[in-house]
There are 2 protein chains.
Amino acid sequence: MGIVRKTKSVQTLLTIFENTEVALSSANLVKELAHSMNKTTVYRILDRLESQGLLHSFQGFDGVKWYAKCQGCSKEHHNDRHPHFQCRDCGKTECLSADFNIPELSNHKVEYAQLLLTGQCAACAQL
Amino acid sequence: MGIVRKTKSVQTLLTIFENTEVALSSANLVKELAHSMNKTTVYRILDRLESQGLLHSFQGFDGVKWYAKCQGCSKEHHNDRHPHFQCRDCGKTECLSADFNIPELSNHKVEYAQLLLTGQCAACAQL
DNA sequence: TTGCTAATGCAACTTAGTTGCATTAAATTT
DNA sequence: AAATTTAATGCAACTAAGTTGCATTAGCAA
């Protein structure tokens with residue numbers, strides 16, 4: 001897992017992610033944690049947790065970076081081939097357990113794919 | 001199609017998109033066109049061309065907005081459900097003619113999906 | 001050719017994220 | 001338990017992408 005120090009800031013972020021089922025944007029975490037840590041620290045910890053396989057990230061429709069906890073990822077291998085969903089009404093952003101397949105392309109060597117969905121979440125669509 | 005004036009700047013951008021088969025990022029267009037038009041103008045024209053159904057846009061892995069010309073889109077209906085590919089080596093970003101399917105989700109009302117792929121393009125993978 | 005107003009330019013601003021460097025504090029060693 | 005090492009943090013300054021307000025310009029219709 002590499003040399004990692006369990007600092008207060010790291011533990012704060014780990015606790016936040018352990019206690020949520022949704023994805024969180026770096027920009028928003030910076031705002032929420034402004035009183036307790038520097039924004040540079042937030043960005044750097046998120047980076048580190050991702051390269052350690054504890055978090056994974058993806059780009060939202062809004063162009064900001066979102067993070068969510070990993071299940072079954074390691075430093076060596078990220079196992080997050082699942083779609084992400086952003087609710088157009090409440091903004092809730094989450095990992096979906098569904099699988100998706102990547103189209104076969106003869107003239108490209110596809111290494112990574114990201115499927116991003118939007119629409120209404122259960123609550124907003126009143127499903 | 002709404003009230004649209006064919007200004008020099010609009011024509012410049014239309015010509016650029018007509019003469020390319022790849023997607024172009026707004027940020028890069030701003031840089032390339034800095035001598036001939038203001039960056040605000042670039043952003044506003046791209047916006048307008050998109051809402052007129054002449055261009056469509058998507059977020060890249062880099063978090064910047066990319067635009068490409070539409071085929072068969074109108075102001076009323078955008079018909080760009082195709083994946084986009086960004087080459088990790090040369091940065092070439094393109095629309096793929098392949099189709100893709102959206103996973104069935106009982107507890108979400110999916111309205112729009114974006115599939116973004118990365119890896120190596122034909123030239124960089126020497127296919 | 002005149003008048004209307006869409007479109008542009010400009011300056012100032014916002015938001016997300018990065019960089020360099022001095023300082024602090026985990027964790028290891030003595 | 002103190003000393004040491006260096007990962008991690010804070011801070012300030014910066015960059016890059018994009019937005020906003022407002023005065024000015026230039027398509028285009030009458």
Side-chain angles (χ1 to χ4, degrees), chain A residues 1-17 23-68 75 84 86 91 93 114 116, chain B residues 1-17 23-68 75 84 86 91 93 114 116:
Chain A
M1 191 87 127
I3 302 119
V4 185
R5 292 183 184 176
K6 278 264 170 92
T7 63
K8 261 191 188 149
S9 299
V10 168
Q11 294 194 325
T12 301
L13 276 160
L14 281 176
T15 305
I16 290 173
F17 278 99
L24 304 167
S25 74
S26 44
N28 204 51
L29 284 167
V30 164
K31 273 175 214 141
E32 276 174 16
L33 295 171
H35 57 94
S36 73
M37 72 187 86
N38 189 272
K39 68 171 174 172
T40 313
T41 305
V42 178
Y43 286 115
R44 290 198 273 223
I45 291 177
L46 292 173
D47 255 23
R48 245 182 295 144
L49 295 180
E50 181 171 23
S51 58
Q52 285 161 37
L54 297 174
L55 298 180
H56 66 279
S57 74
F58 56 95
Q59 286 292 136
F61 284 107
D62 39 17
V64 309
K65 210 168 177 182
W66 291 79
Y67 287 85
K75 195 180 176 180
H84 293 102
Q86 285 196 290
T93 300
Q114 178 180 289
L116 190 57
Chain B
M1 189 87 124
I3 303 119
V4 185
R5 294 182 182 175
K6 278 267 171 90
T7 62
K8 259 190 189 153
S9 299
V10 168
Q11 293 194 326
T12 301
L13 275 160
L14 281 176
T15 305
I16 288 172
F17 278 99
L24 304 167
S25 74
S26 44
N28 205 51
L29 284 166
V30 165
K31 274 175 215 144
E32 275 174 15
L33 295 171
H35 57 94
S36 71
M37 73 187 85
N38 190 273
K39 69 171 174 173
T40 313
T41 305
V42 177
Y43 286 115
R44 289 198 273 224
I45 291 176
L46 292 173
D47 255 22
R48 246 182 294 144
L49 296 180
E50 181 170 23
S51 58
Q52 288 162 36
L54 297 175
L55 298 181
H56 66 280
S57 74
F58 55 96
Q59 286 291 134
F61 284 106
D62 38 18
V64 308
K65 210 168 177 181
W66 291 79
Y67 287 86
K75 195 180 178 178
H84 293 102
Q86 285 195 290
T93 299
Q114 177 180 289
L116 189 56

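Residue numbers start from 1 in every chain, and the chains themselves are labelled A, B, ... in the order their sequence lines are given, proteins ahead of strands. Since this is a predicted model, take the numbers as computed values, not measurements. Hydrogens, waters and symmetry mates are skipped; everything else that's a heavy atom, side chains included, is used.
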Under the side-chain hydrogen bond (donor to acceptor under 3.5 Å, both in side chains) test, which residues partner [X], sequence neighbours left out?
X	value
A/Asp47	none
A/Gln114	none
A/Thr12	none
B/Gln86	B/Thr93

To the nearest 0.5 angstrom, please state how far the [atom1] atom of [X] sits from the [atom2] atom of [Y].
X	Y	atom1	atom2	value
A/Arg48	A/Leu54	CZ	CG	11.5 Å
B/Leu116	A/Leu116	CG	CG	9.0 Å
B/Lys39	B/Thr41	NZ	OG1	11.5 Å
B/Ile45	B/Ser9	CD1	OG	4.5 Å

Just the rounded figure in Å: distance from [atom2] of [N] to [atom1] of [X].
X	N	atom1	atom2	result
A/Gln52	D/dA7	CD	C1'	12 Å
A/Leu13	D/dA8	CG	P	14 Å
A/Gln59	D/dA17	CD	C1'	12 Å
A/Gln11	D/dT9	CD	C1'	15 Å
B/Asp62	D/dA17	CG	P	9 Å
A/Leu46	D/dT9	CG	C1'	14 Å

Return a single string for nucleotides 25-30 of chain C, one symbol per nucleotide in 5' to 3' order, where B is base contact, S is sugar-phosphate-only contact and - is none, cutoff 4.0 angstrom on heavy atoms. BBS---
What heavy-atom pair brings A/Arg5 and A/Val10 nearest, and what distance separates the two atoms?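 Nearest pair, atom of A/Arg5 first, then A/Val10: O-CG2, 3.9 Å.
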Rounding to 10 degrees, work out the angle separating the end axes of the helix from C/dT1-D/dA30 to C/dT30-D/dA1 (five pairs an end). 30°
What residues form a side-chain contact (heavy atoms from CB on, under 4.5 Å) with [X], not counting sequence neighbours?
X	answer
A/Lys8	none
B/Glu50	B/Ser57, B/Lys65, B/Tyr67, B/His78
A/Ala68	A/Ala23, A/His56, A/Cys95

Would you jot down, in residue-number order, the residues of residues 36-44 of chain B having a non-hydrogen atom under 4.0 Å from DNA chain C?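 Listed by number, they are B/Met37, B/Asn38, B/Thr40, B/Thr41, B/Arg44.
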Mind running a 4.0 Å heavy-atom check of residues 26-34 of chain A against DNA chain D and sending the residues that fall below it, in number order? none
Contacts under 3.5 angstrom, residues 29-36 of chain B side chains, donor-acceptor by atom type, not counting sequence neighbours:
from	atom 1	to	atom 2	distance (Å)
B/Glu32	OE2	B/Asn28	ND2	3.1
B/His35	NE2	B/Glu32	O	3.2
B/Ser36	OG	B/Leu33	O	3.4

Let me spell it out: for each of B/Ser25 and A/Val10, pick the nucleotide of DNA chain D with the closest heavy atom. Which residue's pick is nearer the 5' end?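 Taking each residue's closest nucleotide, the earlier one in sequence belongs to A/Val10.
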